[in-house]
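What follows is a set of notes on a single structure, which appears directly below.
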Amino acid sequence: QVPYQPSSPRQVANTLALLRGRAGKTVDLGSGDGRLVLEAYKQGLRPALGYELNPWLLCLANYRAWRAGYHGKVSFLKKDLWKVNLSDCHNVIVFLAPSVKPPLATKLLAELPDNARVVAGRYPFPSWSPSSTLGQGLDQVWAYDIKEVRR
């Protein structure tokens, strides 16, 4: 279990800045209230979807999507991130606890295509070198281009 901490407006802006100009399926692993997925969709990253296990947060995310006029355009799925196949994802957003990062790194390297980019918030992947980073302190985010990480 990973405790829910909503992303700050600056974390959201920094995350989407590191995905600017990219295309393809965008997923948020542990999407919480959906704010990152909604902003990704708003900025043209499509399809945009979130995986979340907490039913209350799924309700909130779906409500926020409806309120923003994106009902049916974004998806929030109650699925365990360890059981989903990410091989068709080009942009992955991860705001998860440090304890999850090492096993998640293994999964991402095994499944993501070479042209995928992973953006981590709050905590970097300990064994990966970021392609770029933005922000400071709690607002810092790290971008990892999978092709570079594999080298």
Side-chain angles (χ1 to χ4, degrees), residues 1-82 84 86 89-109 112 115-146 148-149:
Q1 288 282 28
V2 177
Y4 169 64
Q5 291 181 297
S7 304
S8 72
R10 176 59 39 210
Q11 287 171 330
V12 173
N14 289 346
T15 299
L16 273 299
L18 291 181
L19 293 173
R20 194 165 291 127
R22 294 186 53 82
K25 184 176 181 180
T26 302
V27 299
D28 184 5
L29 302 177
S31 55
D33 66 8
R35 63 185 69 198
L36 284 158
V37 173
L38 294 174
E39 190 59 33
Y41 182 85
K42 190 186 297 183
Q43 294 194 20
L45 290 164
R46 297 176 188 161
L49 67 130
Y51 293 118
E52 176 59 57
L53 288 176
N54 183 317
W56 298 106
L57 291 173
L58 278 169
C59 270
L60 181 56
N62 280 306
Y63 171 74
R64 290 174 61 126
W66 172 80
R67 225 174 91 206
Y70 299 156
H71 177 73
K73 297 176 181 173
V74 297
S75 300
F76 296 100
L77 306 173
K78 185 178 182 184
K79 290 196 176 178
D80 183 334
L81 69 87
W82 302 108
V84 295
L86 301 171
C89 298
H90 293 91
N91 307 296
V92 178
I93 301 168
V94 182
F95 275 65
L96 295 171
S99 60
V100 177
K101 294 285 172 66
L104 184 57
T106 302
K107 177 179 174 60
L108 295 173
L109 285 172
L112 291 176
N115 63 347
R117 173 171 274 192
V118 176
V119 178
R122 291 203 188 96
Y123 308 101
F125 280 87
S127 61
W128 291 2
S129 295
S131 310
S132 55
T133 182
L134 189 60
Q136 297 175 358
L138 290 176
D139 294 327
Q140 187 171 9
V141 293
W142 297 263
Y144 304 94
D145 293 321
I146 291 301
E148 298 296 318
V149 173

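Annotation: the span from Leu60 atom CG to Arg35 atom CZ amounts to 8.5 Å, rounded to 0.5 Å. Put simply, CD on Glu39 and CG on Leu16 are 5.0 Å apart, with the number rounded to the nearest 0.5 Å. With values rounded to the nearest 0.5 angstrom, Leu134 atom CG is found 8.5 Å from Thr15 atom OG1. One distance of note links CG of Leu109 with CG of Leu104; it measures 9.5 Å at 0.5 Å rounding. Here the CG atom belonging to Asp28 is positioned 11.0 Å from the SG atom belonging to Cys89, to the nearest 0.5 angstrom. With rounding to the nearest 0.5 angstrom, the CG atom of Leu57 is 11.0 Å from the CG atom of Asn62.
Checking side-chain atoms of Arg22 against main-chain N and O of His90 turns up a donor-acceptor pair under 3.5 Å. Counting only distance, with no hydrogens or angles, the side chain of Arg122 and the backbone of Gln5 share a donor-acceptor pair below 3.5 Å. Side-chain N or O atoms of Thr26 include one that pairs as donor or acceptor with a backbone N or O of Gly24 at under 3.5 Å. Using a distance-only test at 3.5 Å, with no hydrogens or angles considered, a donor-acceptor pair links the side chain of Ser131 to the main chain of Asp145.
For the pair Val119 and Leu19, the tightest heavy-atom approach, listed with the atom from each and the gap, is CG2-CD2, 3.7 Å. Of all non-hydrogen atoms in Val74 and Ala65, the two that sit nearest each other are CG2-CB, 3.7 Å. In terms of heavy-atom proximity, Ala120 sits nearest to Lys101 at CB-NZ, 4.1 Å. Nearest heavy-atom pair across Glu52 and Gly30 is OE1-C, 3.4 Å. Across all their heavy atoms, Gly32 and Ala61 have their closest contact at O-CB, 3.9 Å. The shortest non-hydrogen separation linking Pro6 to Gln11 is O-OE1, 4.2 Å.
Side-chain contact check for Leu18 versus Thr133: every heavy-atom pair is 4.5 Å or farther apart. Considering only heavy atoms from C-beta on, Leu36 comes within 4.5 Å of Phe95 through its side chain. The side-chain heavy atoms of Phe76 and Asp33, taken from C-beta on, include no pair separated by under 4.5 Å. For the pair Arg46/Lys73, no side-chain contact is recorded, criterion being any heavy-atom separation below 4.5 Å from C-beta on. Considering only heavy atoms from C-beta on, Leu29 comes within 4.5 Å of Leu86 through its side chain. Side-chain contact between Val118 and Val149: absent, with no pair of heavy atoms (C-beta onward) separated by less than 4.5 Å.
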Give the C-alpha distance, both sets of side-chain angles, the deciding distance and a yes or no for side-chain contact (heavy atoms from CB on, under 4.5 Å) between Asn14 and Gln140. CA-CA 7 Å; Asn14 289 346; Gln140 187 171 9; over 6 Å; no
With side-chain contact (heavy atoms from CB on, under 4.5 Å) as the criterion, how do Leu108 and Tyr144 come out once you've worked through the C-alpha distance, each side chain's angles and the decisive distance to 0.1 Å? CA-CA 11 Å; Leu108 295 173; Tyr144 304 94; over 6 Å; no
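A cation-pi arrangement is not found for Lys79 relative to Tyr51, the charged atom failing to lie both closer than 6.0 Å to the ring centre and inside a 45° cone about the ring normal.
With a 6.0 Å radius and a threshold of 12 heavy atoms from other residues, nucleotides or ligands, Trp82 has its CH2 atom above the threshold.
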